[in-house]
Amino acid sequence: MRLYRNHLQQKQEEKKKQKRYSAPWVDIDSEDDGRPRKTSVKINGTAINGHHKATSPSHNESGRATSDAPTATSSKHAAIQEQRLNLPITKGKDALIREFRENDVTVLLGETGSGKTTQVPQYLLESNLAGNDTIAVTQPRKVAATSLAARVAAEQGVKIGTLVGYSVRFDERCGSDTRIKYMTDGMIVRELMSDPLLSKYSVVIVDEAHERSLRTDLLISNLKVIQRQRNGNGTGENNYSKAKGKEKEKATNPLKIIIMSATLDAEKFAKFFSGAKVIYVQGRQHPVTIYHSLQSQTDYVDSAMRTFFQIHTDQPPGDVLIFLPGQEDIEGLEKSVELFAKQLPQACMEVLICTMYASQAPGQNAKVFNATPPNTRKCILATNIAETSITIPGVKYVIDTGKCKEKRYLARNTGGGFDTLMTRDITKSSAMQRAGRAGREGAGFCFRLYTEDAFKAMKPSAEPEILRCGLASSLLQLKCIDQDLESLDLMDEPDRDSLISALKTLFLLGAINQKKELTPLGREMAAFPLEPVYSRAVVASKELGCTSEVLIIVSVLSASSKLFTDSSEHRDAISESRRKFRHSSGDHLTILNVYKAYQDITKSESKSGRKAWCKKHFLNERALLEAGEIREQLVGTCQRAGIDPKAEGGEGKEEEVIKSLAHGLVANTAFLQPDGSYKQVMGQSVVKIHPSSTLSERKTPTIMYDELVYTNQIYARGVTSINKGFLAGLGALSQRQA
DNA sequence: GGTTCCTAG
């Protein structure tokens, strides 16, 4: 395939002639016949099913299903049923049911669009394989859980929260009659703490297991143990009738496990469950023609731009999705595409640029879903958010830079104790997932800004999260159910250093003792859905009488969206506006000021007034709303734990708030050195206050911080000035010698 | 002078 290069670009490229690629792309996928592939269900390599009628894809698994209200008219219901029958998985229904009946553990390998996530729970229910208990279907993301539940409820013709329901943080739609329950993996891991055998569920379906989130991994390990306890010492044979005959206590109802994975790792799951059956279900995806660049492109932002204009000037209509590692590159590319688009000849289609990344305001993100205006091509610049979380309609072309950013925890005893955030090459499965985004609605094209050899050299799939992140929080949760990261049978064992780091953190906080045993304080802390450093602060605030303030601060810090919006464009206006909320002690009390100011506004202003106020002060209202929900939840936890959530230090008691936080952040402290940098109290690292902090550029003698992140340097984020004498009182200094 | 993506009765 040859790509047209226009005059404008040629001028631009003359300087970089040596970098140019003459015949830019190599076709590695010739399966471009414009027809959806035939579908089949294979069991252990054997296809047990034949051809499928070619139809347009009726719905996707990530589910844009909420519009199908359960009050559907009969014709609407009929339409839904027909869509159901046309799913690739439908022809394999009987074979699947047979397999589920015969096996306690099944690994279901299903491509996107196969319908496995919506159909399998219904098959189990309809064939009475779940007995009278509930079928749990876990998801790594909240949106997926809620929208899938809505879709399946519509298919069953019931209202959500009756036969079909969901359970995610802050939102539960379940009743006593709920038999199919979609939930986040975090939710079921929390349930383990009160019901270690998960006795409510007769089937647990772990979806998106290939993503290997920390919570999914912990769930899978626990399921293996639970199944052994509930089914007797099962050796792969069906223990259903055996267990039933015993009529022991209620918890002995048998458990079936279904692991659903998109690709590749299926054998690993099967092996983990001592040779469980693997079933393969093909999906429905339109063909995507993939092109690789002939030479590796070092300046991926620039070559993404050139590739976009090649498509734009040469290819038929269809939107373009460009994958970039982060906000900075997105903003940069946005500017240059804008600039070039203005100089296009009259005959060209217009270019509409949409940007999409998690920290962008929701309204801005939502713009990609607007219909593309006539004679216009959408150019969507996105991070990984468009890879799995969100499906954008209308995309026919994908440009893949092959880069992403990855967070990785560096253990304390290897000179770390902080997260690194680096741009790195993506994995094979990620590259395939990105390419697939071009084939959702019809045949598509993917342009990779890296060579075929570079693709071949990529790692097959991402490292599981358990090898990449801090473990203190999970370890504390496990300790509460008498388990341990060391003794638990895990698919991948975490790093020794990472484990020691987590133990050290919990010991410093007083959550475990020298014998690694859970302390009463640790149990108190574990009740809070917070990082241990923050639950420690909440517990400390009880004595210091300022729980109300600490809950606010900790809630804002735990929210997934950032409180302050950031854009290189209005940098000065932003810092000017922030001065109003600034507290001289640092970021934590500044957060408190912002939250209180917002609370005041809420009393007098309408919804739109609040929104305008946030916009004016460059605040992210979503963060404030989310913090409000978290705070409410924490108030409930406090009440159950016998902590008065309304206890307020009030005016003049700011010191108490800082002290409470310091109980949690003891290990996150540093001293000013003569050269203006900071040195960790515990650890050897030299750190710098992040430029976004109110304390950056100030010479504060002693600081505590929420976290360290290594990007270009080691930055401390969320910084507050702290009294050195008080720090010594917490034992932080003596720990240093130990 | 600068931040991928998720998530917790």
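Below, chain A is the first sequence line, B the second, and so on; all start at residue 1. Values below: every heavy atom of this structure, side chains too, minus hydrogens, waters and symmetry copies.
A:Ser692 comes within 4.0 angstrom of a base, heavy atoms only. If you check every strand for non-hydrogen atoms under 4.0 Å, A:Arg640 touches nothing. Residue A:Gln633 is classed as a sugar-phosphate contact, given heavy-atom separations below 4.0 Å to backbone atoms only. A:Met422 comes within contact range of no nucleotide atom at all, as no heavy-atom separation falls under 4.0 Å. Within 4.0 Å of A:Thr423, counting heavy atoms only, lies no atom of the nucleic acid at all. Nucleic acid contact class of A:Leu421 (heavy atoms, under 4.0 Å, all strands): base. A:Leu214 comes within contact range of no nucleotide atom at all, as no heavy-atom separation falls under 4.0 Å. Contacts of A:Lys142 with the nucleic acid, taken as non-hydrogen atoms under 4.0 Å apart, involve only primed sugar atoms and P, OP1 or OP2. Counting any heavy atom pair closer than 4.0 Å across all strands shown, A:Arg141 reaches sugar-phosphate atoms only and no base atom. Nucleic acid contact class of A:Ser213 (heavy atoms, under 4.0 Å, all strands): none. Residue A:Glu531 is in base contact, counting any heavy-atom pair closer than 4.0 Å across all strands shown. Across all strands, A:Tyr715 comes closer than 4.0 Å only to sugar-phosphate atoms, never to a base (heavy-atom distances).
Here the side chain of A:His617 pairs no donor or acceptor atom with the backbone of A:Leu619 at under 3.5 angstrom.
Remark: the A:Ser561 side chain and the A:Glu626 side chain contain an N/O donor-acceptor pair separated by less than 3.5 Å. Side-chain contact, A:Ser685 with A:Gln680: a donor N or O sits under 3.5 Å from an acceptor N or O. For the residue pair A:Asp587 / A:Tyr705, no side-chain donor-acceptor distance below 3.5 Å is found, with atom types taken as modelled.
On the nucleic acid side, DNA chain B contacts chain A at distances under 4.0 Å to non-hydrogen atoms, with the end points of that region at B:dG1 to B:dG9.
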Residue pair A:Glu629, A:Gln633: steps toward the side-chain hydrogen bond (donor to acceptor under 3.5 Å, both in side chains) verdict: CA-CA 6 Å; A:Glu629 283 187 304; A:Gln633 192 184 21; over 6 Å; no

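Ranked by how close their nearest DNA chain B nucleotide is to the 5' end, A:Arg468 and A:Pro529 are led by A:Arg468.
Remark: A:Lys142 does not engage A:Asp171 in a salt bridge, criterion side-chain N to carboxylate O under 4.0 Å.
Here A:Arg698 contributes atom CZ and A:Leu672 contributes atom CG; the two are 14.0 Å apart, rounded to the nearest 0.5 Å.
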